[in-house]
Amino acid sequence: MLTVKLFAKARDLVGSPTVQLAWSDGQVVAHLKQVLGEQYPALVPLIPRLFVAVNNDYAADSTAISQADEVACFPPVSGG
Amino acid sequence: MLTVKLFAKARDLVGSPTVQLAWSDGQVVAHLKQVLGEQYPALVPLIPRLFVAVNNDYAADSTAISQADEVACFPPVSGG
Amino acid sequence: MISLTHEPINYQALTESVRSPNSGAVVLFLGTVRELTGGRRTVALDYEGYPAMAEAKLAELEAEACLRWPIDRVGIIHRLGHLELGDISVAVAVSCPHREQAFEAGKFLIDELKVRVPIWKKENWDDGSTEWVHPGGEMSKPE
Amino acid sequence: MISLTHEPINYQALTESVRSPNSGAVVLFLGTVRELTGGRRTVALDYEGYPAMAEAKLAELEAEACLRWPIDRVGIIHRLGHLELGDISVAVAVSCPHREQAFEAGKFLIDELKVRVPIWKKENWDDGSTEWVHPGGEMSKPE
């Protein structure tokens, strides 16, 4: 299983601050977005703008994720 | 008579915060610089860089001065 | 000095922490909660952060700024939680030998904070509605 | 709020005086007494002003800045007299709706203050000598 933290509008749309997904180590960020969209249809409109962070850094669609990684998904930031 | 305030190095070179000069209303800033150089030779090296303010504003060499004006002479500013 | 806080920001302490006789210039930027945005009226903002990553990204910003300018010291505090009109949401302080450097570095830090540090704000409009602010629509990764 | 003072500058009060819910951005600039200048060591600075003209020129600067940027409020304090290492010689605070404006206006105000406002500093070097600072050698009238 992979634990994914969700923030801001992504969390509100899913209705939970974390989700758990079936996961095989080595699957990539693009796959994570696809799975999230399938399991949480409310998230679909946000997915084109969703950022995925792996171990506290922004990750590209091709980045591989393992179950031990800290993974978070969130929309464009708006601090300041 | 015209009273002229002096600041910073101009005051130090003359040795006084004000000087009084014989003056005819309508004589101009360029004339003031010339008279200052004649009466206070120590000021001569500074005169090419000397600013003259008339009534709290920078004045051009061609600006006429009357005895009622507030007149000040000083080197380039260095505040901040 | 980098931190996230739920308390009001003490920008004087932050500013004092960057002052030093090696620097002739200190620039402090404060972001404050503004009432009007595009004709709509804000009554409050709620800020949420991803703390571990936000602190990592702030430290990364500080390191990048120190490579680009001869920075003496940097301090950044971002507030999280519920903020009212006029409250300070973020404070960035930087000291440098000369003022041009301090202005450039201060502007860089707040500009990059706004595109890179995982913090989000939710508008509380005066009609009672709320709305997450997610600027742009860019799909690219901020770098 | 424009003033000259012989007392230490209270930049927190100055900053508070420019904050408002109309503004999302405050920029504060502090000029402080730096120890090293071109390899020479300063132990103190003495600032002298021409007060009436300095206040007139500061008011002129504020008016010019308000024509160029959508400024909410401006505050400028310049200290005169004997300052030690690390002391604050000048504080400029400005608030604007957006940060780009506040940075630009703040930089304009301190840049122009330094070429236009009749205040002078005298260096006290660590070898016991003193020296008036009269930058440049320009013979043109500052505008």
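Quick note on labels: first sequence line is chain A, next is B, and so on, each numbered from 1.
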Counting heavy atoms not belonging to C:R41, are there more than 12 under 6.0 Å from its CZ?
no
Check for a donor-acceptor pair, side chain of A:S78 on one end and backbone N or O of C:P135 on the other, with a separation under 3.5 Å.
-> no
When the 4.5 angstrom heavy-atom criterion is applied to A:N55 and chain C, the contacting part is neither
Here the pair of heavy atoms bringing C:V117 nearest to A:V77 is O-CB, 3.4 Å
Intermediate values then yes/no, side-chain contact (heavy atoms from CB on, under 4.5 Å), A:F74 and C:H134
CA-CA 10 Å; A:F74 47 77; C:H134 295 314; over 6 Å; no
Turns out that what part of C:V133 lies under 4.5 Å from chain A's heavy atoms comes down to both
With chain A, the option among C:K122, C:K121, C:H78 that has the most non-hydrogen atom pairs under 4.5 Å is C:K121
Distance col, row C:E131:CD vs A:K9:NZ, nearest 0.5 angstrom, shows 7.5 Å
Heavy-atom closest pair (C:Y50 atom, A:N56 atom, distance to 0.1 Å) is OH-OD1, 3.4 Å
Worksheet item: Hey, does C:W132 have a side-chain heavy atom less than 4.5 Å from the side chain of A:P75?
Response: no
Rounded to the nearest 0.5 Å, the CZ atom of C:R116 sits from the OH atom of A:Y58 at a distance of 8.5 Å
- prompt: A:F7 vs C:W120 aromatic rings, parallel, tilted or perpendicular, using cut-offs 30° and 60°?
  reply: parallel
